[in-house]
Amino acid sequence: MEMSGVDKSVTLAGKTLLISLIDSPAPSCPELFMPSPVPPTQDAPRLAAPPALDPNADPLLVGLPKQRGYGQWIVSRMCDVRTVLTDPTTTVDMLTPKAMARFMSQQGVTLEQTMEIVRIVARAHRVPNDAERRDAIAITRLFQGTLQDLDMASALGAIASAEGRTVDVMADLLRPILGACRATALAIDPELGQRVEDGLLAIMLTVERHGPSDLAPVEPLARAVMQDLSILEKTRGKAREMPITHWIFPAFLALLPITYTSVSMLAHLAETPELQETLRARPELRPGYIREVERLMTSIRYGTRQIGATGLNLGDVWLPPRSLVVLDFSAANRDPALWQEPDTCLLDRPRQPTATFSLGPLACVGGQASRQFLSLLLDAVMQRVRVSLPQPGAEPDRLVTQWSITRGYRLCRLCLSTR
């Protein structure tokens with residue numbers, strides 16, 4: 001890491017924090033999920049159909065929209081991402097469920113619980129002001145209200161020691177804190193809530209590993225999640241008026257990207273002790289750092305949309321009707337047309353909207369909650385502990401995420417010591 005200016009810029013060492021090889025198998029049916037990465041050349045406007053994208057290892061490249069096979073495109077410039085997301089005819093409704101239902105029909109298979117969950121996940125609140133989206137906003141506000149009373153400094157101090165303690169910040173710190181916040185906000189059993197979150201992630205990973213040609217292993221996982229949701233429906237203390245399935249995104253899946261981004265931030269602080277001390281001594285620089293964490297360390301790499309019936313003009317490229325578009329949020333967040341030195345963490349960078357929480361009227365409802373949590377975590381670290389890299393050991397200190405759209409670490413061991 002290099003410091004430049006007046007303690008206001010930190011140059012990331014390449015992209016080593018953000019790019020590492022994934023250890024999970026590629027989906028067996030890549031056309032159902034993600035196309036391949038855009039090559040570094042601009043002389044191949046139409047790409048073949050290679051393996052699926054790997055959000056941890058794919059290079060972050062910004063350029064013209066690229067066609068991949070018939071009717072599929074990948075978009076990386078911020079202007080194009082914004083145009084696709086704000087076009088009123090663009091949708092994602094039922095894209096994945098329709099593809100899965102087609103495969104299942106061909107096989108004569110009926111997997112009711114699997115399809116119930118996949119329909120909810122794939123829809124992703126794409127209709128403004130419908131009941132599901134309104135409920136997601138209500139759940140998120142309950143979560144934000146809980147964050148206001150969160151004593152994160154005490155939680156950090158409880159797991160640190162004066163000599164320094166090596167912990168997996170994902171398992172030992174962030175998941176317990178976020179799980180407890182969820183349990184308090186919704187008045188539910190914390191272990192049951194965590195079990196639902198783990199079950200939903202297991203479903204997503206299993207669908208990707210097996211593809212629609214073999215969904216039988218998914219059904220028992222889906223059945224277990226639906227059973228746990230039924231228990232929650234009977235025992236929940238808040239938001240009792242809304243369908244329990246409306247909790248899936250805001251109460252469970254939405255906490256995953258917050259966790260992954262928080263882990264990446266802690267890892268970055270451990271790798272940059274000079275920056276850590278600067279932020280500790282100068283609290284006024286912390287909001288700028290949180291904005292750069294949002295831009296550079298976003299854990300949701302890709303999103304998908306389907307173009308409407310009339311097509312969409314991006315200026316340089318016209319996307320035909322019903323095209324499937326993959327939006328590269330991480331690349332768009334490094335678009336040099338908007339950000340000078342896009343790979344550099346600049347604490348005094350002028351404000352610019354990022355693609356991290358999507359854009360337009362259907363943007364992610366949890367953006368403010370994520371920023372709030374990251375700010376609380378950063379302030380608590382500055383107040384109570386120092387974060388550093390552990391001594392090398394026989395076991396790996398980091399394991400990357402497994403879901404095809406998420407970046408970051410599912411295991412990250414760091415050393416926490418009291419100040």
Side-chain angles (χ1 to χ4, degrees), residues 15 18-19 27 30-93 95-96 99 122 124 126 257 294-296 298-339 342-343 352-364 367 404-407:
K15 301 185 182 72
L18 301 173
I19 299 179
E31 72 274 9
L32 183 62
F33 299 95
M34 299 291 177
S36 63
V38 179
T41 59
Q42 296 294 329
D43 57 356
R46 186 179 179 91
L47 309 178
L53 287 171
D54 178 340
N56 286 282
D58 290 336
L60 294 167
L61 302 171
V62 182
L64 292 172
K66 295 289 183 178
Q67 187 174 6
R68 182 260 190 189
Y70 176 75
Q72 297 186 15
W73 296 77
I74 184 164
V75 169
S76 59
R77 295 184 303 186
M78 181 63 82
C79 61
D80 298 330
V81 169
R82 181 181 292 110
T83 299
V84 172
L85 289 173
T86 57
D87 182 75
T89 66
T90 299
T91 181
V92 299
D93 282 359
L95 290 177
T96 300
R126 288 301 100 197
E294 174 185 327
R295 185 177 72 86
L296 294 168
T298 172
S299 61
I300 300 296
R301 173 74 188 265
Y302 300 111
T304 57
R305 296 292 186 272
Q306 187 174 37
I307 301 304
T310 59
L312 186 62
N313 184 10
L314 299 181
D316 304 290
V317 175
W318 182 72
L319 301 180
R322 309 300 183 191
S323 298
L324 177 65
V325 178
V326 173
L327 305 163
D328 190 337
F329 297 136
S330 295
N333 281 346
R334 295 168 182 257
D335 191 335
L338 276 76
W339 290 284
D343 295 329
Q352 286 278 9
T354 69
T356 297
F357 302 107
S358 188
L359 297 162
L362 295 173
C364 174
S404 69
I405 67 170
T406 55
R407 309 172 73 215

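Below, all heavy atoms of this structure are taken into account, side chains as well, without hydrogens, waters or symmetry copies. Not measured: the values here are computed from a predicted model.
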Any salt bridge linking D87 with R305? Criterion: basic side-chain nitrogen under 4.0 Å from a carboxylate oxygen. no

Walk me through it: do L314 and V84 pass the test side-chain contact (heavy atoms from CB on, under 4.5 Å)? CA-CA 8 Å; L314 299 181; V84 172; 4.3 Å; yes

Heavy atoms, side chains only, cut-off 4.5 Å: are I307 and W73 in contact? no

Tightest non-hydrogen contact, residues F329 and Y302, listed as CE1-C, 3.8 Å

R334 side chain to D343 backbone, donor-acceptor under 3.5 Å: no

Kindly give the heavy-atom pair with the smallest separation between N333 and A355, and that separation in Å. OD1-N, 2.8 Å

Please walk me through it: do M78 and L359 pass side-chain contact (heavy atoms from CB on, under 4.5 Å)? CA-CA 10 Å; M78 181 63 82; L359 297 162; 4.2 Å; yes

Heavy atoms of E294 and T356 approach each other most closely as O-OG1, 2.7 Å

Straight-line distance of I300 CD1 to F357 CZ, nearest 0.5 Å: 9.5 Å

Could you tell me whether a side-chain N or O of T406 sits under 3.5 Å from a main-chain N or O of S299, the two making a donor and an acceptor? no

Sorted by chain and number, sequence neighbours left out, salt bridge (Lys or Arg N to Asp or Glu O under 4.0 Å) with R82 holds for none

Mind checking the CG-OG1 spacing from L312 to T89? Nearest 0.5 Å is all I need. 6.5 Å

Closest approach of P65 to V317 (non-hydrogen atoms, all atoms of both residues): CD-CG2, 4.0 Å

Checking R77 against L64 for the side-chain contact (heavy atoms from CB on, under 4.5 Å) test, could you report, in this order, the C-alpha distance in whole Å, the side-chain angles of both residues, the deciding distance, and whether it holds? CA-CA 7 Å; R77 295 184 303 186; L64 292 172; 3.4 Å; yes

For residues 318-328, tabulate all N or O donor-acceptor pairs below 3.5 Å that involve a side-chain atom, not counting sequence neighbours.
unit_1, atom_1, unit_2, atom_2, d
S323, OG, P320, O, 2.6
D328, OD1, R301, NE, 2.7
D328, OD1, S330, N, 3.4
D328, OD1, A331, N, 3.0
D328, OD2, R301, NE, 3.4
D328, OD2, R301, NH2, 2.8

